[in-house]
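Remarks on the structure that follows.
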Amino acid sequence: MKKTLAGVAASTLALGGMLVATAAPASAHTPTVTASCDSLHVDLKSYPDATVTVTIDDREVASEDFQGSFDETFTFDGSTSHSWEVVVDAHDNDRYDKTYPETGAPGLTDPCPGAEPDVDEAQVGIYLYEKLDADPANEWSGKDKDARWENSGLQTLLGTKTLPLPAQKDGSYWYDELPNPDLVAELLADTDVCTDWGIQQDLVSGGPDEYTMPQNITFPDGSSMDGHLVDHTHQELEDLGVVLPSGETCGEPAQPPVEEDEVVVPVAPAAVTVCGADSSDIELPVATEEVTYLASDAGVIATPTAGHTFGDDLAGYVVNDNGDAVFPLEDLLPSAEDCALVPGDIAAVCESEVPYLAYEVNLPEGAETDEETPLTVTFLNPDGDDHVVTDLPLDGRLLWPGASDTAPLQWPGWEQLEDGSYVETDGNYAWTREGVEVLFEVNPTYSTIVEYPEASTQCANPVGTGGADVIEQADDTPPAPAEVADAGPELARTGATVGAVAGVAALLLGGGATLFWLRRRMRNAEG
């Protein structure tokens with residue numbers, strides 16, 4: 001509905017409250033993390049802005065920014081144990097940062113009693129790769145030089161073996177010597193053998209008829225094994241009996257290859273047009289032998305494979321120092337301005353001495369909702385709990401916090417005593433009397449903020465209450481208005497009443513209200 005305050009210099013700001021069960025104050029950060037034998041439940045409530053990262057079996061299964069709440073259950077095979085860790089980064093205050101388990105070490109689940117694996121067979125694939133941060137002269141042996149996923153170049157499958165799916169991850173199923181030595185010799189023949197090499201072994205559920213191990217894997221994209229990976233390990237090539245040159249033989253830096261890397265152009269991802277989308281909603285370009293793609297909080301990361309590099313034509317990407325290129329997230333998602341609610345008439349109105357908030361907001365162009373009551377209205381308390389009303393239509397009217405529209409009438413900042421008289425109080429939403437910000441939300445992206453000035457006394461204090469007395473106030477507090485005659489019919493579209501006291505009319509004509517619209521920018525996340 002549109003409330004056009006025609007004929008009135010400005011709208012009256014009155015403070016009152018809605019007597020409905022849906023109103024509820026906000027609460028403090030409430031994290032709950034529960035692990036069972038076959039699932040991990042992460043339930044985070046009342047976080048204004050935070051990032052959550054969930055790791056299961058050393059693989060990051062979720063990393064995202066969120067606002068308000070995050071509630072998700074991650075399931076896994078209950079026939080074996082699993083390691084897990086949850087990290088919460090609260091952006092509003094570091095003291096709310098949490099890591100679960102709180103011991104600081106990853107948690108470990110127990111297998112479900114009597115649980116059987118989903119499949120009867122498993123496979124182990126063994127891969128050979130050149131380490132990216134290799135140290136051929138063995139001058140430094142820090143972690144960054146170890147054989148591990150982040151330090152692996154293009155991985156090539158050397159062989160697979162099939163075995164019954166183990167009930168426990170005890171490591172007995174790994175290769176203890178290299179299969180296919182001819183392929184290993186072929187791979188090493190055309191390379192600098194002084195460069196360090198690593199081995200990755202992956203245990204996956206399902207036999208060859210259910211799952212085919214990929215021939216190549218390139219960091220950071222390991223998505224081809226999602227849903228199948230049970231366990232994995234990394235080893236130095238020497239750990240499987242292959243002796244490579246070292247010492248003086250490899251003391252000199254390897255000569256760069258004669259042929260230069262092939263220059264390739266990454267493919268630009270398609271922009272997302274849906275408001276409220278995040279990096280998980282981006283459709284990645286198809287990976288090729290030249291370029292792989294990965295979605296992140298920064299945007300889409302394009303990584304050239306071995307033997308390839310990016311040139312001047314970047315199709316909108318920005319090159320990093322490590323040779324990757326990033327297509328910025330803000331260039332792929334709708335802006336906060338494009339997804340903000342469009343405010344109509346929003347004002348405080350008085351009807352028969354009762355204060356209300358009359359409002360109208362509209363979804364931005366192209367946005368839709370299937371709900372009839374998708375709106376949440378929040379009266380923001382700068383010093384305590386907010387007043388929240390949910391499940392509202394996009395236009396309407398609601399009672400001001402602390403007020404009532406039935407006998408006995410109530411007003412914010414006032415309390416009725418047993419003898420029927422009224423006295424001022426710091427309670428009953430008195431904090432809304434000096435100007436209050438009101439937030440309108442359909443989701444974290446569609447929002448606008450309205451700030452109200454101080455409310456009028458005529459609409460906010462005991463008046464027209466059938467003879468009820470008002471207790472005398474302090475010298476610096478204006479007395480409550482005198483009792484008025486019965487109100488006449490309401491003025492159309494103004495929110496005022498014919499026959500209201502002269503003080504109300506004077507306030508409407510002289511006091512008025514100042515209306516401010518502010519917009520909240522969209523957030524990304526965090527996660």
Side-chain angles (χ1 to χ4, degrees), residues 10-26 346-359 376-390 392 396-418 420-440 449-466 468-474 476-481 483-484 487 495-497 500-501 503-504 507-508 511-516:
S11 60
T12 307
L13 266 186
L15 308 178
M18 180 158 188
L19 301 179
V20 294
T22 54
I346 301 176
V349 298
C350 282
E351 296 184 6
S352 300
E353 305 171 279
V354 178
Y356 297 88
L357 174 68
Y359 66 90
T376 295
V377 175
T378 303
F379 291 77
L380 298 175
N381 185 354
D383 300 315
D385 293 339
D386 299 332
H387 179 77
V388 184
V389 185
T390 60
L392 295 172
R397 184 187 73 170
L398 62 94
L399 198 61
W400 201 267
S404 72
D405 55 3
T406 59
L409 296 179
Q410 299 291 339
W411 293 265
W414 290 83
E415 178 182 358
Q416 187 177 37
L417 303 179
E418 292 182 358
S421 61
Y422 291 80
V423 63
E424 280 193 280
T425 175
D426 292 335
N428 194 27
Y429 298 94
W431 54 269
T432 64
R433 299 185 62 87
E434 298 180 357
V436 61
E437 287 184 291
V438 183
L439 177 67
F440 298 83
I449 298 177
V450 177
E451 185 166 340
Y452 286 88
E454 185 175 358
S456 64
T457 304
Q458 285 84 349
C459 185
N461 293 341
V463 60
T465 57
D469 295 329
V470 177
I471 293 180
E472 183 177 353
Q473 306 300 305
D476 59 350
T477 303
E483 181 181 353
V484 299
T497 59
V501 292
V504 175
L507 177 71
L508 290 173
T514 305
L515 184 64
F516 299 91

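- Annotation: the span from D386 atom CG to W431 atom CH2 amounts to 6.0 Å, rounded to 0.5 Å.
- Side-chain atoms of W414 and N428, non-hydrogen and from C-beta on, never get closer than 4.5 Å to each other.
- When every heavy atom of P412 is checked against every heavy atom of T432, the shortest pair comes out as CB-OG1, 3.9 Å.
- Proximity of V438 to Y359: side-chain heavy atoms (C-beta onward) are nowhere separated by under 4.5 Å.
- Applying the side chain to side chain contact (heavy atoms under 4.5 Å, CB included) test between V377 and each of L439, T390, L357 identifies L357 as the sole match.
- Between A430 and G413, the shortest heavy-atom distance links the atoms CB-CA, 3.7 Å.
- A donor-acceptor pair is defined here as one N or O able to donate and one able to accept, closer than 3.5 Å; no such pair exists between the side chain of T378 and the backbone of L380.
- The two atoms that bring S404 and Q410 nearest to each other are OG-N, 3.0 Å, heavy atoms only.
- Going from atom CG of D426 over to atom CD of E415 covers 11.0 Å, rounded to the nearest 0.5 Å.
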query: Y429 and V436: side-chain contact (heavy atoms from CB on, under 4.5 Å), yes or no, with the steps?
result: CA-CA 11 Å; Y429 298 94; V436 61; over 6 Å; no
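- Between the CD atom of E424 and the CH2 atom of W411 there is a distance of 13.0 Å, given to the nearest 0.5 Å.
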